[in-house]
Amino acid sequence: MGVNTSVTIAGVNWKNPVTVASGTFGSGAEYSELIDLNELGAVTTKGVASVPWQGNPTPRIAETYGGMLNAVGLQNPGIDVFIKRDIPYLKQYDTKIIVNVCGKTVADYVDVVERLGDEAVDLLEINVSCPNVKEGGIAFGQDPDALYDITKAVKDVAKQPVIMKLSPNVTDIVEMAKAAEAAGADALSLINTITGMKIDVHKRTFALANKTGGLSGPAIKPVAVRMVYQAAKAVRIPIIGMGGIMTGEDAIEFIMAGATAVSVGTATFRDPLAAVRIVREMEAYMERYQVEDINELRGCVDRD
Amino acid sequence: MAITKTMASVIRQECIGTGIYSIWLEAKEIADHARAGQFVNLYCKDASRLLPRPISLCEINRDHGTIRLVYRVAGKGTEEFSHLHTDHQIEIMGPLGNGFTQQLNRAILIGGGIGIPPMLQLAKELTEQGADQVKAVLGYRDEVFLDKEFADICPVYYASEDGRHGVKGTVMDAIRSYALNGDMIYACGPTPMLKAVQAYALEHGITAQLSLEERMACGIGACLACVCSSKETDAHTHVHNKRVCKDGPVFFAEEVEWA
Ligand SMILES: Cc1cc2nc3c(=O)[nH]c(=O)nc-3n(C[C@H](O)[C@H](O)[C@H](O)COP(=O)(O)OP(=O)(O)OC[C@H]3O[C@@H](n4cnc5c(N)ncnc54)[C@H](O)[C@@H]3O)c2cc1C
Ligand SMILES: Cc1cc2nc3c(=O)[nH]c(=O)nc-3n(C[C@H](O)[C@H](O)[C@H](O)COP(=O)(O)O)c2cc1C
Ligand code: FES
């Protein structure tokens, strides 16, 4: 039985519903030695800003039970190098390109989005949810009015469809999802990492130089599934679900919660072939339960 | 430099010191491509431990397609590895990183503690290729390990904190007290040792290569977890943050700035 796994996000057709989570995959060059990027629905790049960012001091990561904390701090080469080097690189592959954008001010975001206007990228993902930078970032993602304003500012100049990447570090994800939709967002992706902390009791210090970091991996999956479910019920725009996806069944869980597509992040550190394996495992699930089209499963838990 | 992820069979594992293990693995693709100073990622079976453990190659046997790792039990992951027996399987990926740039002039190999293992393969390769006067300086806290393997290859000078083996003190004390000379220093060990080696090399106008350690996630240069401050701008971000896993772990002493 041939199953259909292709999905459409804001008018962009993906061959399958799996992308890689921003920041865990660079721009694909390093992993292409191990996996065939053509087999991914889309590649989501590391966050890129208007100018190069140094990122945070090390240690930038720490392992936790079933997860990890990171405080990389959005080290990136800036949009000039990115346009010259990373976009042409990814264009060699038959996969959609999602560029993740970060900034400290609204003007920073607008600048990057404008620069990307004439570039061959398919979707923009606006990161207003990074817990690891002092200014900007998450500040835009924790207040519905600020989120509305930045979404609108980006939408005004964007030539590609805009995905707003939401933070789980909020009291009410529904309010945030609605604010982004009202401002014209074409899609949502969630969740970014959950702010956490680890203390090394032997050294009596923080495990991360930044003290706090973003928790990712299987430890956060139930939170992510719940938030995707709540957001999907509240908005009509499509959702890219992520947070702790390790297997095809994890991915199916997000689809059933209401996501149209999924993103695989931390799993890639444990298994560099995770994203491609998850595509296969989703197909196997569909065959087993005789699901012809992945879109049939979306939000199915709430249908009577 | 092809990187392979593979299930490796354990040929044998033995405890060679208190909490120190030596394991031989069958991993032909990795042995075929590996160089001294490179490392491999070891993956835990326990899925609550997501991140790979980077361990340096201690020996590479290209004829048999095998590699040797020597590691200290430092936490739960290495504890898990220490229970592996002959014919068990372990997932590994490698070879990773750049390895040492080998030159055939007078070499001083400096290893401190658990930084000693990668020096063994380097000592073998340098002597096999006919490098001039290869000397090893090994620093231990107390108990020695791998000493016999080194002694079969080249002259070895010891330092130990308690003075039971060689000079009492650090590898730098050994270098000074034996007045060791060379044209190229290769070093791996704890950060304070590497800083001292760097200062010594710069002061004496000797070229030195330092093998660094940093917390890692991907191990292949994608996640930017493992950076170190570098004098020159890096290839990835064009700032001054070289990736230890990809641009390193070996850096020339003049490149490295300490945070
Ligand atoms: C390039 C490189 C080569 C190395 N080579 C060797 C070697 O040949 N022999 C050896 O004994 N050790 C080596 N180490 C250190 C080794 O990686 C750690 O001791 C090991 O990861 C500890 O894992 P654990 O689960 O036992 O400890 P835990 O403390 O439980 O580990 C928790 C997390 O911290 C990381 N971590 C802990 N200590 C270190 C460390 N010192 N460096 C980097 N990450 C760390 C682990 O990988 C894991 O992600 C090397 C490290 C690097 C970066
Ligand atoms: C090391 C690391 C770096 C990340 N960098 C970014 C980033 O640059 N931009 C962003 O929007 N999210 C970033 N994230 C968040 C992930 O894209 C993802 O939302 C989160 O990790 C949850 O998914 P996971 O559990 O599958 O990893 C990063 C996550 C990790 C672990
Ligand atoms: S560990 Fe990911 S870049 Fe080095």
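Remember, predicted model here, so these are calculated numbers, not experimental data. Each chain gets a letter, A, B and so on, in the order its sequence line appears, and its residues count up from 1.
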Side chains of [X] and [Y]: does their closest heavy-atom pair fall under 4.5 Å?
X: B:V227; Y: A:R60; result: yes
X: B:V244; Y: A:T58; result: no
X: A:R85; Y: B:H238; result: yes
X: A:E30; Y: B:C218; result: no
X: A:T268; Y: B:C223; result: no
X: B:I220; Y: A:E33; result: no
X: B:R215; Y: A:P59; result: yes

So which atom in [X] and which in [Y] form the shortest heavy-atom distance, rounded to 0.1 Å?
X: A:T266; Y: B:L50; answer: CG2-CD1, 3.8 Å
X: B:C44; Y: A:R270; answer: O-NH2, 2.7 Å
X: A:F269; Y: B:P52; answer: O-CD, 3.5 Å

Got more than 12 heavy atoms from elsewhere within 6.0 Å of [atom1], [X]?
X: A:H202; atom1: NE2; value: no
X: A:E249; atom1: CD; value: no
X: B:K231; atom1: NZ; value: yes
X: B:K45; atom1: NZ; value: yes
X: B:D87; atom1: CG; value: no
X: B:K76; atom1: NZ; value: no

Below 4.5 Å, heavy-atom pairs only: which of [options] has the largest tally toward chain B?
options: A:M68, A:Q54, A:M246; answer: A:Q54
options: A:G217, A:A267, A:G67; answer: A:G67
options: A:P77, A:P272, A:G55, A:G26; answer: A:P77

Which value, rounded to the nearest 0.5 Å, describes the distance between [X] atom [atom1] and [Y] atom [atom2]?
X: A:N76; Y: B:H236; atom1: CG; atom2: NE2; value: 8.5 Å
X: A:L74; Y: B:L224; atom1: CG; atom2: CG; value: 10.0 Å
X: A:T64; Y: B:L51; atom1: OG1; atom2: CG; value: 8.5 Å
X: A:L273; Y: B:K5; atom1: CG; atom2: NZ; value: 7.0 Å
X: B:N241; Y: A:W53; atom1: CG; atom2: CH2; value: 14.5 Å

Sort [X] into side chain, backbone, both or neither according to what part of it lies under 4.5 angstrom from a heavy atom of chain B.
X: A:D271; result: both
X: A:Y31; result: both
X: A:L34; result: side chain

Point to revise | B:M93, part contacting chain A, at a heavy-atom distance under 4.5 Å | key: side chain

Exercise for review: Tell me, out of B:E91, B:R53, B:K246, B:H240, who's got the most heavy-atom pairs with chain A below 4.5 Å.
Suggested key: B:R53

